[in-house]
Amino acid sequence: MPPHRWTDETRDASCYYGNSVASAAGGASSDADDDDTEADDERQAFCSGDRPLIRAAEELGQADSWLQTRHIFGLMGFLGFAVVYAMRVNLSVAIVAMVNQTAIPHSNSSVLANDTCPTPTSNGTSLGTFWRRLPPSEGEFVWDEATQGLVLGSFFYGYVLTQVPGGRMAELLGGKRIYGYGVLITAIFTLLTPLAAHWDLPLLVLVRILEGMGEGVTYPAMHAMLAHWIPPLERNKFAAIVYAGSNIGTVISMPLTGWLCSQDFLGGWPSAFYIFGLLGLVWFACWMYLVYDKPSDHPRISRKERAYIERSLQMQQPQLLVEEQEQEQDEEQQEPDLAQLDDIPWRSLLGSVPLWAILLTQCGQSWAFYTQLTELPTYMSNILHFDIQSNALLNAVPFLTSWFMGIACSALADWMLARRYITLLNSYKLWNTIASVVPSLGLIGIIYVGCDWVWVTFMLAGVGSFGGAVYAGNQMNHIALSPRYAGTMYGITNSAANICGFLAPYVIGLIINHRETLTQWHIVFWLAAGLNIAGNFIYLIFASADEQRWSLQPPAAGRASGSAAGRTLRI
């Protein structure tokens, strides 16, 4: 008896996208196939979750099948994001030690006494018995809040410039080189940061811009690689683990940077840039050896894993052109044609309402995220009076809890989709709402708890941890809208969202403007929460999980002449 078409490789499409997709993927079905009740029963068993998505190790016939090639790719991607985020956020902590806070004039003399937090010794129930809270440090540089905002935000000037080019180049040249070289460039300029800071402020700003340009390609390049490597029903959880490297990098970088800044090793705060920069160089060497652009390019992948991945992706995309697939297979070992850089429907893509919905909710989430990432160390130091080590450790806790929550929410999202308890669109909307609204309530909560460090920590680490649900929210929506242009689309939305990376510190600097008071900081938190909730509201109205019509059309340029004439869509 021939094998049924409801295999592990086809479950992704047959269970979620319906019979029409499975029929398209499996070729023309006959009346006998339709009457095959045994096959239908097997399909129902798959779709109900009674049989696993990935076959057991003994079925694969591999002793080491528990560590698949795509798992190694995911691990290296995870470590890559950990390294680049460690290099990104260490300045947020180090700047507390770099700046001479006592030399900066503040205009707090006319504010009410209850608009500032008490000194550590005035509150017997404060955290003084657990953490040290010391007077402001006397660093080397006299930078006011606006200047500090410029230094912290300069990274994002470069970061937004390379998002779209990075995504498109990853689609054409392969994500391996784009992602790898992006981390390498970030590491080199991280090593140069202490020298630039001592040399001149404009040079430091330039170095941070160039560092941002290197890191700007990483997210869109990884998005393009996920579209080639990860089966649909593994995608939420897998992406959560890979992108959660950013949380782990932050968790490690913040307390370690705080500790290094308090030591004399390599001059104190400069050592944080040297150590993380060297880690970036080591990671780059490992990445270039272990990772490849696609399963078809990998020389050490098993045939069964490669077949599983490729069939799963084909089941999701039955609308692809037959001739185009064959041509891509024939040319996969050839160098890409750079003329294809223009081979993208820019007008349709930029006019896509669902894409704009993703962009706007990402902007709101990024404003809240970068408020926490770049400005909370300053808030902890100037308002709650933490010393740099305690400051860095407490600021790292929210990113650790967000990491756990992100993986948990993504695993739950995949389970709900596999069981068909929720549609893909409603899944995106549900988790995006959780990722936007709940952390915003945490920021508002900080306003009402005032100087109580316990409740501030709870609002950031407890309530704010639900921001990790974003991986099951809008982050995977790009691939649903267009697998072909996922990298480019992510570059567009992430570029717009990270404009907030330099706008948020700059605007916050203008709001504070030498007035380190609770009232001014409350404005900062209200603004972040409001933008986050507003962006999610727009997403709920206009989001979509359907592949867009312009994504289904064959490229109009950059293909071999005459090939378009004979192409027909397979429905």
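Predicted, not measured: the structure shown is a model, and the values here were computed from it.
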Between [X] (side chain) and [Y] (backbone), is there a donor-acceptor pair under 3.5 Å?
X	Y	answer
Ser495	Val160	yes
Trp356	Leu350	yes
Thr257	Ser253	yes
Ser154	Val151	yes
Lys176	Asp293	no
Tyr428	Met476	yes
Trp431	Ser410	no

For [Y] together with [X], are the ring centres under 6.0 Å from each other?
X	Y	answer
Trp455	Phe458	yes
Trp283	Phe78	no
Tyr85	Phe276	no

Pairs flagged by salt bridge (charged side-chain N to carboxylate O under 4.0 Å, His left out) wherever residues 209-219 is involved - sequence neighbours left out: Arg88-Glu215, Arg208-Glu211
Give, for atom [atom1] of [X] and atom [atom2] of [Y], the distance between the pair rounded to the nearest 0.5 Å.
X	Y	atom1	atom2	answer
Trp403	Ser465	CH2	OG	13.5 Å
Ile301	Lys294	CD1	NZ	13.0 Å
Tyr490	Gln475	OH	CD	3.5 Å
Leu191	Met87	CG	CE	8.5 Å
Ser366	Asn494	OG	CG	6.5 Å
Leu204	Met98	CG	CE	6.0 Å

Closest contact, heavy atoms only, Ala187 versus Gly277: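 Closest approach of Ala187 to Gly277, heavy atoms only: CB-O, 3.4 Å.
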Closest contact, heavy atoms only, Val397 versus Ala461: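 Smallest interatomic distance, heavy atoms only, reads CG1-CB, 3.5 Å.
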Aromatic plane relationship, Tyr243 with Tyr471 - under 30° parallel, 30 to 60° tilted, over 60° perpendicular: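 Tyr471 vs Tyr243 ring planes: parallel.
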Passing candidate, side-chain hydrogen bond (donor to acceptor under 3.5 Å, both in side chains) with Tyr539, options Asn474, Asn432, Asn477, Thr361: Asn477
side-chain hydrogen bond (donor to acceptor under 3.5 Å, both in side chains), paired with Thr488, selected from Gln163, His478, Glu171: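 Filter result, single survivor: Glu171.
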Pairing residues for Trp367 by the ring pair (Phe, Tyr, Trp, His ring centres under 6.0 Å) criterion, not counting sequence neighbours: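 Residues passing ring pair (Phe, Tyr, Trp, His ring centres under 6.0 Å) with Trp367: none at all.
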Decide yes or no for [X] and [Y]: does some side-chain heavy atom of the first lie under 4.5 Å from some side-chain heavy atom of the second?
X	Y	answer
Arg300	Tyr292	yes
Cys363	Leu531	no
Phe284	Leu281	no
Ile185	Leu210	no
Ile309	Thr69	no
Leu152	Ser92	yes
Ser427	Met416	no
Gln365	Val470	yes

Steps toward side chain to side chain contact (heavy atoms under 4.5 Å, CB included) verdict (Gln362, Phe369): CA-CA 10 Å; Gln362 279 193 4; Phe369 175 78; over 6 Å; no
Verdict with reasoning, Met222 to Thr218, per side chain to side chain contact (heavy atoms under 4.5 Å, CB included): CA-CA 6 Å; Met222 179 56 64; Thr218 54; over 6 Å; no
Step-by-step ring-ring contact (aromatic ring centres under 6.0 Å, His included) determination, Phe81 to Tyr219: CA-CA 9 Å; Phe81 281 115; Tyr219 267 98; 4.5 Å; yes
Working for side chain to side chain contact (heavy atoms under 4.5 Å, CB included), residues Leu527 and Thr371: CA-CA 10 Å; Leu527 178 62; Thr371 296; over 6 Å; no
